[in-house]
2 protein chains.
Amino acid sequence: MELDERKTVILQAIIKNYLETGEPVGSRTISKYTDLNLSSATIRNEMADLEELGYIVQPHTSAGRIPSDKGYRFYVDAMMLKHEKEVEQLKDVLLEKEEKLDHMLKQAAKLMAVNTNYATMVTAPRNYKNTIKFLQLSRMDESHILAVIVIEGNIIKNTVLDVAEKLDDETMLKLNILLNTHLNGVSAEEINLGLIATLKQQAGMYGPIIAEVIDAVAETIKEDEDLEIYTSGANNIFKYPELSDNQKASDLINAFEEKQLLTQLIDESDEEGSNEIKVYIGEESPIQTMKDCSIVTANYEFGDGMRGMIGIIGPKRMDYDKVVGTIKTIKSQLDTMYKKDN
Amino acid sequence: MELDERKTVILQAIIKNYLETGEPVGSRTISKYTDLNLSSATIRNEMADLEELGYIVQPHTSAGRIPSDKGYRFYVDAMMLKHEKEVEQLKDVLLEKEEKLDHMLKQAAKLMAVNTNYATMVTAPRNYKNTIKFLQLSRMDESHILAVIVIEGNIIKNTVLDVAEKLDDETMLKLNILLNTHLNGVSAEEINLGLIATLKQQAGMYGPIIAEVIDAVAETIKEDEDLEIYTSGANNIFKYPELSDNQKASDLINAFEEKQLLTQLIDESDEEGSNEIKVYIGEESPIQTMKDCSIVTANYEFGDGMRGMIGIIGPKRMDYDKVVGTIKTIKSQLDTMYKKDN
DNA sequence: GTTAGCACTCTTTCGGGTTGAGTGCTAACA
DNA sequence: TGTTAGCACTCAACCCGAAAGAGTGCTAAC
């Protein structure tokens, strides 16, 4: 049996209707809903076929049909194709130049949540190219040195180092020159034992300080664990009865609060390194606790060598059309942000 | 009518039982629960009195009694008195020296949540004394200057400034000396128009840069808006049926996610500036959406001039005893942290 | 002052009847 | 051969009333 033209129309009508109402949809509804001018009986026959093909399921004998994961997948694929052709119209909301990156990302998450009525997430951009742009040691007081490390993309990291005795100006200058000479423009991979040994040797008695600085650099570069994730609209899940029973809601809220789980999405999206919008439907989700949800994600590029992720999480009967549109808009906002901002 | 010894015992028995079960408690239960050896009929008489006194209420005619806000208040006050005398035993969990403050605070929030099964929050310490400890401008590249501002308590803030043309070393040095000479040890209140004018005048053509630096300083000091709040265990509210109906849960989760609302608690706790543990019961809560909750908060002192807040939010039938104990433990951990850490 | 007893109230629970939506199947129709 | 009307059937949802059970207030007796 094949998915012919008419079946397609009916399937889409079923899904669309279900997305709006959240109720199983019956043959009579479709009979009136579409322009096919078919009686409910005919629709029923077609629906039996669609069920056999696996696109829809019946929650119980005398209920209407609801889309299966396969059905959603079909719908999403068809829709993506459509979107492909559209030219995205950028909105100006985000362009009110936000002073700070994290404010901006929070706002992006919130904007998406308000727009779509789903839960959303935005990760801060992480650098996947890691070159050191600038290093600076400054004497803060008698026994503390402030080390400032700037990575390509203006990620700035401060570390306070303890020192036994006060260092004089000349030494500070010497150390700064030493560090910048050897480390400027150097990537994480290039900092090897040889380079470290050279630095330490040249620093003489200040070798331990150099070692501490390098530790800080390493930490700055691989700051995987304290990756910032901004979320918004987690409470939207209460708008969808199928998600708001106690256990499910608790699990979801927990995922959103702990954020640890959400990193699985990032790993997944990084893996392919693709620039595409991804849609996970139900069981496809990489996160166990979100088997009843659908997740739409995309990566954004933030300047040279920086990449972040945005995602929307909602019920399977998600308004995919709108969600993908929203994701695209925000993505291109963030993509262009860096250029304009710099 | 007075609250005599026996009434007190009965009231406490009622509250204690209600805290455990979450169900209205009847006279017969109390009759068996306590050592008073009174029949249920007698208890009923006393309960009628307690109701008249306002300590307990009946949800409906033929139900048992539940504590009123006044009843909880009585219970809490009695308990605080008890705790007052106890010597707090510090736990070592937090003392595994955490590298970073925010990790530590997150862990503190989580620890409390796991311990108590309620929702918890911890704010990062904010400086209420604001003196500048150190200022540093560095040339990052041709057209950007990095300004690092360190506030008492080692709050560090970076800002990147745009400059039209490259500044030479001598100018940089001059600006740094100028800034540090005038601003070191200076508090926010002392940076007035006169001082700013002096600085600008001495900076000559670099006045605009000085202005930007001062803006950044101002922003660092009054960083009210991006106050970090760490929360944990928001999903615990699902453990208490009286909080987990859709509307309430949604509101609560929202408060925890937006965090904006939580700042009201901080304002409140700052107001008195006290060092006490505060308990808000039901309607006493400064947050509208938490009228069905109880909130326990405390401030902690983090080194000189820094203060943060910890709080636990749960149902009114909260295990106050445990919560206050937990808060005290964490509070003293954080209080002593700075000293040991420095 | 305490208690036993009883009538009363009110919520909760459970079963059963009803309703209504929706199906599958069959037979008739174009 | 595809479409449709009709009908019997299924099943969740809803309402209703009865019964159970928890708990109270009151009164009379101890």
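Proteins get letters first, then strands, A, B, ... in listed order; numbering begins at 1 in each. Note that the structure is predicted; figures quoted are calculated from it, not measured.
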| task | State, without any angle test, whether B/Arg44 and B/Ser27 hold a side-chain donor-acceptor pair at a distance under 3.5 Å. | result | yes
| task | Please find the earliest and latest nucleotides of DNA chain D, in the 5' to 3' direction, that have an atom within less than 4.0 Å of any heavy atom of chain A. | result | D/dT3 to D/dA12
| remark: Rounded to whole Å, CD1 of B/Ile66 lies from P of C/dT11 at a distance of 14 Å
| message | At a heavy-atom distance below 4.0 Å, what parts of residues 39-62 of chain A sit against DNA chain D? | response | A/Ser39, A/Ala41, A/Thr42, A/Arg44, A/Asn45, A/His60, A/Thr61, A/Ser62
| Honestly, is A/Lys70 close enough over A/Tyr55, meaning NZ or CZ under 6.0 Å from the six-membered ring centre and within 45° of the axis? | yes
| message | Measure CG/A/Asn37 against C1'/C/dA30 and give the value in whole Å, please. | response | 16 Å
| task | List the steps, then state whether side chain to side chain contact (heavy atoms under 4.5 Å, CB included) holds for B/Leu38 with B/Arg6. | result | CA-CA 11 Å; B/Leu38 294 174; B/Arg6 196 170 73 177; 3.5 Å; yes
| query | Any side-chain donor-acceptor pair under 3.5 Å between A/Glu257 and B/Thr231? | reply | yes
| query | Between B/Tyr18 and B/Tyr72, how do the two ring planes meet: parallel, tilted or perpendicular, split at 30° and 60°? | reply | tilted
| field | Donor-acceptor side-chain pairing of B/Tyr320 and B/Ser294 below 3.5 angstrom | value | yes
| Who pairs with C/dT26 - Watson-Crick or G-U, where each distance is under 3.5 Å | D/dA5
| Can you tell me how far C1' of C/dG22 sits from CZ of A/Arg28, to the nearest Å? | 11 Å
| query | Will you find, in the side chains of A/Thr326 and A/Thr329, an N or O donor that is under 3.5 Å from an N or O acceptor? | reply | no
| request: Any strand is fair game: report the nucleotide pairing with C/dG20 by Watson-Crick or G-U wobble, both distances under 3.5 Å, or none. | output: D/dC11
| task | Report the base-pairing partner of D/dC30 (Watson-Crick or G-U wobble, both distances below 3.5 angstrom), or none. | result | C/dG1
| query | Quick one: which of B/Ile295, B/Asn117, B/Val279, B/Ile327 gives a side-chain contact (heavy atoms from CB on, under 4.5 Å) with B/Ile312? | reply | B/Ile327
